[in-house]
Every structure is written in C-alpha cells, then in structure tokens.
Amino acid sequence: MKNVILLHGGAGSLYNEVEVHSRLLTGFSKNALAFHTPLEITIESVRQMEDHPDFNAGTGSVRRLDGCIQMDAAVMELGNFGAVMNIEKVRNPVLVARDVMLHSPHVILAGDGAISFARVMGHQEYDPGTQKTEDLWKRTKEMLNSSAQDIPARIIEYRKYSRLFDQVRTTDTVGAVCRMDGKFAAAISTGGASPMIRGRVGDSPIPGSGLFVGKNGAVAVTGLGEEIIRRSLSSSIYHRIGKEPLLDVLKSEISAFGESATGAIAVSGEEYASFANKFMSTGHTEF
Ligand code: ASP
C-alpha cells in the first residue's frame with residue numbers, strides 16, 4: 001500500500017476555483033514531501049494553504065461581525081493532539097497548534113493565552129486580513145442590515161441568520177490527512193464560518209468533530225462547524241473505517257447534512273477518499 005498525502009480546500013467553493021485550487025493543492029502536497037513524518041507532512045501542507053490568500057485560513061481568513069479575525073487550527077496523530085482556538089494576529093495558526101502539542105503541557109490554548117504562547121514560541125505579530133475578506137465583511141454587514149455592534153447583544157436572535165451561510169461565501173477552510181508507513185496524521189485550519197460573533201469556535205479545533213486520527217486512519221472535515229460538532233462528524237466517519245468502503249462511509253455521513261455545504265477527506269490503511277455535497281478542491285500525492 002502506497003503512502004499518500006491528501007488535501008482539501010473547503011466545501012462550497014465556486015466551480016472554476018475548484019479546478020485552479022485543486023492544481024495548487026496537488027503542488028502543495030508534493031512540496032510537503034520534503035518533510036519526513038505524516039505529522040510534519042500534513043502541517044507543511046496546511047501551512048502552504050494558510051499562506052495562500054485564496055483560502056479561509058491564515059492569510060485570507062474571514063472577519064467576524066465586529067471586524068476582527070480569530071482563527072482555529074489543530075494537528076493530530078495517534079495519541080497526540082494540539083489546537084488553538086480564536087487565535088489572532090499570527091501568520092500560521094497550524095504551526096502554533098503544533099507548538100501547543102509539542103512544546104506545552106496542554107492540548108488546547110484559546111484567545112489571549114494562545115496569542116501570548118505564540119509570541120513566546122517566536123510567532124511574530126501578523127495581520128492575516130486581505131482586501132477580499134474586508135469586502136466580504138462589508139457585504140455580510142449589509143446583508144444583515146444591522147451594525148456589527150448590535151449583533152452580539154442580539155445573540156438569541158442569532159440563529160435566524162443561519163440562512164446567510166448559504167448566501168455569503170466563506171468556505172475555503174483547509175485540511176490535510178496523511179498515511180505513511182502505517183502511521184496517520186491530520187492537520188486543519190480555518191478563519192471560521194461567517195457570519196459569526198467574536199468568540200465563536202467551530203469544529204476545526206475539536207477532536208472528533210473537525211478531525212480525528214486513530215490507529216485505523218485519519219479524517220478531516222469541512223462545513224458549518226455548528227452542525228459538524230452536533231454530529232461529531234470526524235469521529236462518526238472514523239468509527240466506520242474498515243467496515244465499509246471509505247467513499248461509501250463519507251457519502252453516507254455527509255448525506256445527513258442536507259444542503260449545507262459539507263466535505264471530508266480520509267485515509268485508512270487500505271484506501272483514501274474525498275467527498276463533498278458541494279464543490280470542494282482536493283489534491284493528493286502518492287509516495
Ligand atoms: N468548519 C469551519 C467552521 O465552521 C468552516 C469550514 O469548514 O468552511 O469554522
């Protein structure tokens with residue numbers, strides 16, 4: 001069985017972007033093979049996607065309703081996990097998540113604590129905003145027909161804005177899974193799913209929701225974090241590995257999400273597969 005690195009660029013992208021991004025991701029997956037463990041290969045893949053402004057992760061992350069950028073990222077291998085939630089002003093959240101796993105006594109750091117830790121680990125202050133996400137934020141606020149400041153106060157009404165998830169494109173979250181010599185790893189990074197208020201955490205940094213790695217494989221998913229967390233999507237996929245063909249498992253689990261853009265990539269000991277109910281760019285390299 002060959003080793004493989006498999007990447008995704010988010011479910012719900014535009015068709016023409018999917019073609020371009022899939023070529024990019026294939027290139028990124030090849031570049032990542034300069035590294036020599038499944039963990040390092042997935043992290044390097046995600047780092048490259050974070051640095052590309054087209055993706056909603058690192059540079060190019062979407063803004064929250066108050067205009068700030070807070071990002072989530074996670075890395076996982078068998079028995080090991082690290083994540084950051086709501087981290088701000090760093091270039092590569094996935095590298096901070098790696099540092100949480102490898103160089104801290106904790107597995108998850110959030111908010112100000114995550115930022116302070118990042119600085120201690122040498123991650124310089126960096127503005128991940130782009131003109132594209134600035135424009136998207138302005139459009140989102142126009143659609144909500146309300147000042148950004150009002151929204152947190154009206155949190156109880158917030159659910160009614162969920163229909164906007166379909167209308168305002170904030171997809172393009174990124175993830176990677178790798179199988180190498182019988183070992184597995186996953187890494188994932190996102191600016192989140194707009195519209196969202198400051199402090200919102202999606203599925204991406206939650207093991208069993210945004211990603212999962214065990215002795216039988218690795219899974220990374222994308223879509224509306226709230227729905228993914230309610231269904232523990234990565235864990236649900238993982239626990240069916242080896243019992244049915246991998247692609248069938250992905251299709252069946254994602255069918256529960258209806259029209260809400262949802263996608264997954266997964267590797268097992270024998271297979272690798274990707275599936276999304278809306279356009280999702282993917283790239284892979286066997287090695
Ligand atoms: N899952 C991410 C979140 O909800 C967004 C995405 O995958 O597009 O934060």
Side-chain angles (χ1 to χ4, degrees), residues 7-14 17-18 21 25 46 49-50 52 54-58 60-65 68-74 76 83-88 93-94 97 108 110-111 114 128 132-133 136-137 140 158-159 161-162 164-177 186-212 219-237 250 253-254 256-257 259-266 274-282:
L7 280 53
H8 79 75
S13 299
L14 298 175
E17 283 184 359
V18 167
H21 288 168
L25 298 192
V46 168
M49 292 189 277
E50 285 182 338
H52 196 291
D54 279 9
F55 298 102
N56 174 20
S61 289
V62 295
R63 289 182 187 279
R64 302 196 174 218
L65 286 166
C68 76
I69 294 176
Q70 295 184 304
M71 302 165 286
D72 298 334
M76 191 167 188
V84 287
M85 296 176 172
N86 285 338
I87 195 164
E88 296 177 52
V94 75
I108 302 177
K132 183 179 155 194
T133 57
L136 179 66
W137 176 52
T140 306
Y158 182 65
R159 270 169 179 255
Y161 298 114
S162 59
L164 290 171
F165 284 110
D166 289 336
Q167 295 168 38
V168 183
R169 283 190 58 253
T170 56
T171 53
D172 308 323
T173 280
V174 306
V177 291
I188 186 165
S189 183
T190 186
S194 176
M196 62 189 157
I197 63 171
R198 183 174 174 81
R200 178 261 188 191
V201 176
D203 58 299
S204 306
I206 298 177
S209 290
L211 74 172
F212 194 78
V219 182
V221 307
T222 173
L224 185 51
E226 283 74 3
E227 281 306 315
I228 291 170
I229 292 170
R230 287 185 190 111
R231 295 171 190 279
S232 300
L233 178 59
S234 290
S235 167
S236 304
I237 291 171
L250 301 191
E253 290 291 336
I254 288 171
F257 287 78
E259 286 296 295
S260 176
T262 311
I265 54 175
S274 63
F275 182 73
N277 60 5
K278 302 254 163 77
F279 296 120
M280 178 173 81
S281 53
T282 59

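Atoms within a ligand are numbered from 1 in the order they appear, just like the ligands themselves.
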- Do Arg64 side-chain atoms and Ile197 backbone N/O form a donor-acceptor pair below 3.5 Å?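 Confirmed, Arg64 side chain pairs with Ile197 backbone.
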Regarding ligand 1, does [X] bring an N or O atom to under 3.5 Å of one of the ligand's N or O atoms?
X: Leu224; result: no
X: Asp203; result: yes
X: Thr173; result: yes

I'd like the name of whichever of [options] reaches closest to [atom] through any heavy atom.
atom: atom 2 (C) of ligand 1; options: Gly191, Ala57, Gly223, Ala11; answer: Gly223
atom: atom 3 (C) of ligand 1; options: Met196, Met71, Arg200; answer: Arg200
atom: atom 7 (O) of ligand 1; options: Leu233, Ile229, Thr222, Thr262; answer: Thr222

- Val221 side chain near His8 side chain, heavy-atom distance below 4.5 Å: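 No; the side chains remain at least 4.5 Å from each other.
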- Message: Using side-chain heavy atoms (C-beta onward) and a distance below 4.5 Å, is Glu227 in contact with Thr262?
- Response: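 No, side chains not in contact.
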- Message: Pairing donors with acceptors under 3.5 angstrom, does anything connect the side chains of Ser189 and Glu50?
- Response: yes
- Residues Arg231, Glu253: salt bridge by 4.0 Å N-O rule: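 Between Glu253 and Arg231 there is no salt bridge, as every charged N stays at least 4.0 Å from the carboxylate O atoms.
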- Glu88 with Arg198: basic N within carboxylate O range, under 4.0 Å: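 A salt bridge links Glu88 with Arg198.
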For ligand 1, which atoms have a heavy atom of [X] less than 4.0 angstrom away?
X: Gly225; value: 3 (C), 4 (O)
X: Gly192; value: 9 (O)
X: Ala193; value: 4 (O), 9 (O)

- Assess whether atom CZ of Phe279 is packed by more than 12 heavy atoms of other residues, nucleotides or ligands within 6.0 Å. no
- Message: Tell me the contacting part of His8 for ligand 1: side chain, backbone, both, or neither, using a 4.0 Å heavy-atom threshold, strictly below.
- Response: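 Neither part.
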